[in-house]
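Working notes for the structure below.
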Amino acid sequence: MTNNKNLQWIVGGIALVVLPLILQSFGNAWVRIADIALLYVLLSLGLNIVVGYAGLLDLGYVAFYAVGAYMFGLMASPHLADNFAWFAAAFPNGLHTSLWLVIPAAAVIAAFFGALLGAPTLKLRGDYLAIVTLGFGEIIRIFLNNLDHPVNLTNGPKGIGQIDSVQIFGLDLGKRLELFGFDINSVTLYYYLFLALVLISIVICYRLQDSRIGRAWMAIREDEIAAKAMGINTRNLKLMAFAMGASFGGVSGAMFGAFQGFVSPESFSLMESVMIVAMVVLGGIGHLPGVILGAVLLSALPEVLRYVAGPLQAMTDGRLDAAILRQLLIALAMIIVMLLRPRGLWPSPEHGKSLTQKT
């Protein structure tokens, strides 16, 4: 049994490594879809800490994604040097910060904003918490949209461009690499970086799930009053859940900024937050394999449906807009799934099932 499981892990690992090399033969667009899917997996894993483990509904999670993206944009572009004379005097060409500093900085800054969101919402639950977090996400987006005057910090709706690509040990991921006579495209190199970050995040989430902190979060999720009566410090643990979940969003946002080379407020709308929550709910709240499955499906499905929506639009003589038709197909798929699998596509095993089987 153990050998079979090890074999499955080895085959799965080889498939993940080979996947982008196969996809790039069909065009970079397919590898790009895989890259974006991995970023959404990272976001979903972070939101799962808040929603799945601690049971706190967060509809403003995209704010931390935005914080990470803009932080990388400011640290890896000439924007600050172009707009602030004192900064240009110290750093004439901008900061152009190393990846090894960017990832921890994105995690820490996003965690700070997560705790900042969590502090005033400690006594809120359910719908009230959802509305406050939704408002927080919109406030961040509006700030990013308007902080171009009187001090141009975010460049407003025009966004920040000329962002550096990631460099690891002298290897520029923004350029094509030739290895043993085989061309590896830039999007494929980013795929391996994102995959490494996702695997590290999965290990962290699994360790958290089985730790004292994870058990305490789940106790708060099931019954906060009972958890408090048992001596669990619900205030600190809620703040920790918000901060820990936000740090994943910050890292994902920084990688998004590096991958795109450009960030603007349009990328961090309310719809993005709703989609990330939908990924967690659709896959199976609190169950890591389910969350990953939901993120991959909902991030890749809209892009794959582009190839379905076109012919369907042609069948209706162009009466239906392809983008609207694509959203309609996604909505129908989600409704069908939630009717047939109300606990998600891959829900966590029911409590007590193993005990029943043993008896």
Side-chain angles (χ1 to χ4, degrees), residues 37 39-62 64-65 114 117-118 121 124-134 137 198 201-211 213-224 226-227 232 234 237-238 240-249 252 270-301 330-331 333-354:
L39 286 179
Y40 275 110
V41 168
L42 196 56
L43 282 169
S44 300
L45 289 171
L47 184 60
N48 186 56
I49 291 174
V50 184
V51 177
Y53 292 171
L56 306 167
L57 184 55
D58 187 354
L59 288 181
Y61 190 72
V62 79
F64 311 121
Y65 190 40
L117 165 65
T121 63
L124 299 177
R125 296 180 196 170
D127 301 342
Y128 301 102
L129 177 62
I131 290 167
V132 170
T133 53
L134 184 151
V198 166
S201 302
I202 290 169
V203 171
I204 292 170
C205 288
Y206 265 115
R207 298 292 294 169
L208 273 173
Q209 183 176 311
D210 296 328
S211 67
I213 293 169
R215 298 297 180 190
W217 280 337
M218 290 171 198
I220 292 169
R221 179 190 68 194
E222 297 301 328
D223 193 327
E224 188 178 340
I232 293 173
T234 56
L237 283 163
K238 279 184 177 182
M240 192 182 291
F242 274 113
M244 183 70 75
S247 65
F248 283 63
S252 182
L270 172 62
M271 194 60 198
E272 287 294 311
S273 267
V274 172
M275 281 295 285
I276 300 164
V277 173
M279 289 169 186
V280 175
V281 174
L282 183 73
I285 294 177
H287 192 222
L288 290 181
V291 169
I292 294 165
L293 177 64
V296 170
L297 284 179
L298 272 188
S299 56
L301 193 63
I330 294 168
M334 287 183 67
I335 290 167
I336 292 165
V337 166
M338 296 316 287
L339 284 172
L340 299 177
R341 305 277 296 178
R343 294 182 64 235
L345 287 172
W346 196 346
S348 57
E350 292 176 7
H351 296 297
K353 181 180 278 187
S354 57

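Computed from a prediction, not measured in an experiment: that's the story for all the values here.
- Looking at every heavy atom in both residues, Leu270 comes nearest to Leu59 through CD1-O, 4.2 Å.
- Across all their heavy atoms, Val291 and Gly284 have their closest contact at CG2-O, 3.6 Å.
- Of all heavy-atom pairs between Asp58 and Gly60, the closest is OD1-N, 2.9 Å.
- Under 3.5 Å, the side chains of Gln209 and Tyr53 contain a donor-acceptor pair of N or O atoms.
- Between Leu282 and Leu293 there is no side-chain heavy-atom pair separated by less than 4.5 Å.
- Looking at Val50, Leu298, Ile285 one by one, the single match for side chain to side chain contact (heavy atoms under 4.5 Å, CB included) with Val280 turns out to be Ile285.
- Residues Val198 and Ile292 fail the side-chain proximity criterion, which asks for heavy atoms closer than 4.5 Å.
- Without hydrogens or angle criteria, Arg341 side chain to Trp346 main chain gives no donor-acceptor distance under 3.5 Å.
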Phe242 vs Ile49, test: side-chain contact (heavy atoms from CB on, under 4.5 Å). Steps then yes/no.
CA-CA 8 Å; Phe242 274 113; Ile49 291 174; over 6 Å; no
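- Within 6.0 Å of the CG atom in Asp210, the count of heavy atoms belonging to other residues, nucleotides or ligands exceeds 12.
- Remark: Lys238 NZ to Trp217 CH2 distance equals 13.5 Å, nearest 0.5 Å.
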Let me see the working for Met338 and Val281 under side-chain contact (heavy atoms from CB on, under 4.5 Å), right down to the final yes or no.
CA-CA 9 Å; Met338 296 316 287; Val281 174; 4.1 Å; yes
Show your reasoning for whether side-chain contact (heavy atoms from CB on, under 4.5 Å) applies to Tyr65 and Leu43.
CA-CA 8 Å; Tyr65 190 40; Leu43 282 169; 3.7 Å; yes
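- At least one donor-acceptor pair under 3.5 Å links the side chain of Ser211 to the backbone N or O of Gly214.
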Between Val296 and Leu301, is the side-chain contact (heavy atoms from CB on, under 4.5 Å) condition met? List the steps.
CA-CA 8 Å; Val296 170; Leu301 193 63; over 6 Å; no
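- No side-chain donor-acceptor contact under 3.5 Å links Ser299 to the backbone of Tyr40.
- Across all non-hydrogen atoms, the minimal contact from Met334 to Ala278 is CE-CB, 3.7 Å.
- The CD1 atom of Ile213 sits 6.5 Å away from the CE atom of Met244 when rounded to the nearest 0.5 Å.
- Here the closest non-hydrogen pair linking Ala54 and Ile220 is O-CG2, 4.1 Å.
- Ser348 contributes no side-chain N or O that, together with a main-chain N or O of His287, makes up a donor-acceptor pair within less than 3.5 Å.
- Distance check: Leu56 CG to Leu124 CG gives 10.5 Å after rounding to the nearest 0.5 Å.
- Each of Val203, Leu208, Ile202, Ile204 was scored for a side chain to side chain contact (heavy atoms under 4.5 Å, CB included) with Tyr206, with one residue passing: Ile202.
- The two residues Tyr61 and Gly245 make their nearest non-hydrogen contact at OH-O, 2.5 Å.
- Judged purely by atom type and a 3.5 angstrom limit, Ser44 has no side-chain atom pairing as donor or acceptor with the backbone of Ala295.
- For the atom pair Cys205 SG and Leu45 CG, the distance stands at 5.0 Å (nearest 0.5 Å).
- Side-chain atoms of Val277 and Val51, non-hydrogen and from C-beta on, never get closer than 4.5 Å to each other.
- Between the side chain of Ser273 and the backbone N or O of Val62 there is at least one donor-acceptor pair closer than 3.5 Å.
- The side-chain heavy atoms of Leu57 and Arg125, taken from C-beta on, include no pair separated by under 4.5 Å.
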